[in-house]
Amino acid sequence: MTSALTTTAFADTILHWYDLHGRKHLPWQQDITPYRVWVSEIMLQQTQVATVIPYYERFMERFPNVQALATAEQDDVLHLWTGLGYYARGRNLHACARQIVERYNGEFPQSVEQLSELPGIGRSTAGAIVSISMDIRAAILDGNVKRVLTRFYAVEGWPGTTTVQNRLWDIAERLTPQHRHREYTQAMMDMGATLCTRSKPACGICPLQPECLGHASSKPTQYPNSKPKKDKPEKHTWMLMLRNPQGEYLLQPRPQTGIWGGLWSFPEAPSMAQAEQWLSTHFGDTAEHTQELNSFRHTFSHYHLHIHPVAISLTRSTAQIGEAEQHWYNPRNPSALGLAAPVKKLLQSSL
DNA sequence: AAATCGGGGGT
DNA sequence: ACCCCAGATTT
């Protein structure tokens with residue numbers, strides 16, 4: 001980790017580049033408040049800017065402040081989160097808003113330590129909130145910053161390990177300047193997002209290039225070192241699309257934890273045989289036209305899920321199924337519920 | 001320390 | 001088809 005550049009010169013270089021080329025017109029960069037920055041940071045976790053923007057605009061219109069979010073129903077929050085993924089972010093966002101209202105009288109606490117105790121806010125997100133919206137010096141270490149730093153210092157090792165992560169935090173803290181925190185934080189993210197990109201870094205126009213060890217190595221894209229590969233298991237599930245005579249589909253809430261936590265989905269079975277078993281138990285005299293639709297594959301970060309949709313038309317509406325909560329969903333008049341992306345897709349294609 | 005959580009966009 | 005993205009939480 002040797003560079004001719006002092007930490008001060010590093011920040012000055014970044015800030016000068018930001019003044020000329022940084023992004024200053026993103027939605028969350030207007031009317032900067034802790035609430036608006038917080039929501040944007042949560043949405044931007046593992047999700048790219050272009051994807052987030054329409055979700056952010058809708059969310060801000062519906063929940064303009066932390067009080068509005070705190071008093072909302074979880075279904076209303078997850079409805080606006082449908083399609084963004086990582087739904088624990090939506091649940092944590094909601095829980096966090098309620099804690100801020102209850103414990104802090106609706107005002108965001110002004111330290112990385114206090115913010116980090118709140119659900120969904122870790123060290124990096126807390127650093128972003130205080131540096132951008134409160135003018136408090138703090139480092140961040142998101143994907144963009146990791147990429148810039150691992151390249152600039154040619155840091156070996158996968159950043160998922162504690163060793164590499166600690167080293168990167170040390171570097172990030174050391175490089176954060178004493179002034180212009182908001183601009184520096186934004187500048188580092190912009191560098192990573194627009195210049196020091198994953199596969200085609202624009203080293204030719206990068207102000208850090210003369211001192212960059214990654215560039216000197218002639219293989220800057222080898223940083224950050226990639227995660228060790230693992231085979232993804234293949235899993236299967238049968239989704240039962242029960243349609244009543246009114247054209248409504250039966251949905252059930254999923255558990256709060258695990259895949260699609262807190263969202264609504266079709267009843268599922270681990271095999272077609274068990275699906276038919278379940279059908280005869282609950283709909284023995286009302287189910288007809290059971291038809292297996294074309295299956296498709298949905299890929300998660302850690303496994304592939306083969307979804308086998310089964311269309312079942314009911315001769316009449318049926319009462320409560322066991323003790324489970326349930327909702328009859330009309331695709332022509334959608335309810336405000338959180339839906340997993342494949343469920344939403346299936347409901348739309350049923351029209 | 002390692003596993004768990006989605007969906008989309010780039011290549 | 002594969003990689004990974006403005007990470008945090010749980011085990």
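The shown structure was predicted, so the numbers you read here are calculated from the model rather than taken from an experiment. Here is the naming used below: chain letters follow the sequence lines, and residue numbers restart at 1 for every chain.
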Visitor: With Trp28(A) as reference, evaluate Tyr56(A), Tyr55(A), Tyr35(A), Phe59(A) under the ring-ring contact (aromatic ring centres under 6.0 Å, His included) test and give the passing residue.
Guide: Tyr56(A)
Visitor: Provide, to the nearest angstrom, the distance between the CZ atom belonging to Arg254(A) and the P atom belonging to dC5(B).
Guide: 10 Å
Visitor: Would you mind classifying the nucleic acid contact of Thr47(A) as base, sugar-phosphate or nothing, using non-hydrogen atoms under 4.0 angstrom?
Guide: base
Visitor: Ignoring backbone atoms, establish whether Tyr86(A) has a side-chain N or O less than 4.0 Å from OP1 or OP2 of dC5(C).
Guide: no
Visitor: By nearest atom, which of the nucleotides dC4(C), dG7(B), dG7(C) is closest to the Ser226(A) side chain?
Guide: dC4(C)
Visitor: Does Trp28(A) have a side-chain nitrogen or oxygen under 4.0 Å from the phosphate oxygens OP1 or OP2 of dA6(C)?
Guide: no
Visitor: For Gln48(A) and dC5(C), what is the distance between atoms CD and C1' respectively, to the nearest whole Å?
Guide: 5 Å
Visitor: Would you give the length of the straight line joining atom CG of Leu242(A) to atom CZ of Phe266(A), rounded to the nearest 0.5 angstrom?
Guide: 9.0 Å
Visitor: Under a plain distance cut-off of 3.5 Å, with no hydrogens placed, do Asn244(A) and Gln246(A) share a side-chain donor-acceptor pair?
Guide: yes
Visitor: Quick one: on DNA chain C, does Gln29(A) or Ser116(A) contact a more 5' nucleotide (nearest heavy atom)?
Guide: Gln29(A)
Visitor: Please pick, from dG6(B), dT4(B), dC5(C), the nucleotide with the shortest atom-to-atom distance to any side-chain atom of His302(A).
Guide: dT4(B)
Visitor: Using the closest heavy atom to pick a nucleotide of DNA chain B for each, name whichever of Thr161(A) or Ala340(A) lands nearer the 5' end.
Guide: Thr161(A)
Visitor: Whole Å only: how far is the CD atom of Gln165(A) from the C1' atom of dA2(B)?
Guide: 12 Å
Visitor: Taking the side chain of Asp190(A) as heavy atoms from C-beta outward, which of dG8(B), dA6(C), dG6(B) is closest to it?
Guide: dA6(C)
Visitor: Looking at every strand, decide which applies to Gly192(A) at a 4.0 Å heavy-atom threshold: base, sugar-phosphate, or nothing.
Guide: nothing
Visitor: Tell me whether the side-chain N or O atoms of Arg91(A) pair up with the base of dA8(C) as donor and acceptor below 3.5 Å, since no angle test is needed here.
Guide: no
Visitor: Across the strands shown, which category fits Leu26(A) at heavy-atom distances under 4.0 angstrom: base, sugar-phosphate, nothing?
Guide: base
Visitor: What integer number of Å spans the P atoms of dA3(B) and dA6(C)?
Guide: 24 Å
Visitor: Between Ala11(A) and Pro177(A), which heavy-atom pair has the shortest distance, and what is it?
Guide: CB-CB, 3.8 Å
Visitor: Under 4.0 angstrom, heavy atoms only, what part of the nucleic acid is Thr197(A) near: base, sugar-phosphate, or nothing?
Guide: nothing
Visitor: Send over the distance from Trp158(A) CH2 to dA3(B) P, rounded to a whole Å.
Guide: 8 Å
Visitor: If you find the nucleotide of DNA chain B closest to Ala341(A) and the one closest to Ser199(A), which residue's nucleotide is nearer the 5' end?
Guide: Ala341(A)
Visitor: Check whether the side chains of Asn144(A) and Arg147(A) place a donor and an acceptor atom closer than 3.5 Å, and report yes or no.
Guide: yes
Visitor: Across the strands shown, which category fits Ser301(A) at heavy-atom distances under 4.0 angstrom: base, sugar-phosphate, nothing?
Guide: base
Visitor: Counting only side-chain nitrogens and oxygens, does Thr125(A) get under 4.0 Å of the OP1 or OP2 atom of dA8(C)?
Guide: yes
Visitor: Report the residue from Gln29(A), Lys24(A), Arg23(A) that forms a side chain to side chain donor-acceptor pair (under 3.5 Å) with Gln186(A).
Guide: Gln29(A)
Visitor: Would one find a side-chain N or O of Arg147(A) under 4.0 angstrom from OP1 or OP2 of dC5(C)?
Guide: yes
Visitor: Would you mind classifying the nucleic acid contact of Ile140(A) as base, sugar-phosphate or nothing, using non-hydrogen atoms under 4.0 angstrom?
Guide: nothing
Visitor: I'd like to know if the side chain of Arg243(A) pairs up with that of Ser350(A) as donor and acceptor (distance under 3.5 Å, no hydrogens or angles considered).
Guide: no
Visitor: Please measure how far the P atom in dA8(C) lies from the corresponding atom in dG9(B), and state the result in whole Å.
Guide: 23 Å
Visitor: Whole angstroms only, please: what is the CH2-P distance between Trp81(A) and dC5(B)?
Guide: 18 Å
Visitor: Among dG9(B), dC5(B), dA6(C), which nucleotide sits nearest the side chain of Met189(A)?
Guide: dA6(C)
Visitor: Supply the atom-to-atom distance Thr176(A) OG1 to Arg174(A) CZ, rounded to the nearest 0.5 angstrom.
Guide: 10.5 Å
Visitor: Keeping the roles fixed (side chain from Arg89(A), backbone from Met43(A)), state whether a donor-acceptor pair exists under 3.5 Å.
Guide: yes
Visitor: Counting only side-chain N and O atoms of Thr162(A), is one of them less than 4.0 Å from OP1 or OP2 of dA1(B)?
Guide: yes
Visitor: Base, sugar-phosphate alone, or nothing: which one does Ile121(A) contact when heavy atoms must sit under 4.0 Å apart?
Guide: sugar-phosphate
Visitor: Taking atom P of dG8(B) as reference, at what distance in whole Å does atom OH of Tyr55(A) sit?
Guide: 7 Å
Visitor: Please list residues of residues 59-68 of chain A whose heavy atoms come under 4.0 Å from any atom in DNA chain B, ordered by number; otherwise none.
Guide: none
Visitor: Taking the side chain of Ser124(A) as its heavy atoms from C-beta onward, which of dA8(C), dC3(C), dG6(B) lies nearest to it?
Guide: dA8(C)
Visitor: Give Gln45(A) one of three labels, base, sugar-phosphate or nothing, depending on what nucleic acid heavy atoms sit under 4.0 Å from its own.
Guide: sugar-phosphate
Visitor: CG of Leu263(A) versus P of dG6(B): gap in Å, rounded?
Guide: 7 Å
Visitor: Can you tell me how far C1' in dG8(B) sits from the matching atom in dT9(C), rounded to whole Å?
Guide: 23 Å
Visitor: Round to a whole Å and report the spacing from NZ of Lys344(A) to C1' of dG8(B).
Guide: 13 Å
Visitor: Using 0.5 Å steps for rounding, measure from the CG atom of Leu250(A) to the CD1 atom of Ile312(A).
Guide: 9.5 Å
Visitor: Between Leu118(A) and Ser40(A), which is nearer to the 5' end of DNA chain C once each is assigned its nearest nucleotide?
Guide: Ser40(A)
Visitor: Is there a side-chain contact between His298(A) and the phosphate of dG6(B), meaning an N or O under 4.0 Å from OP1 or OP2?
Guide: no
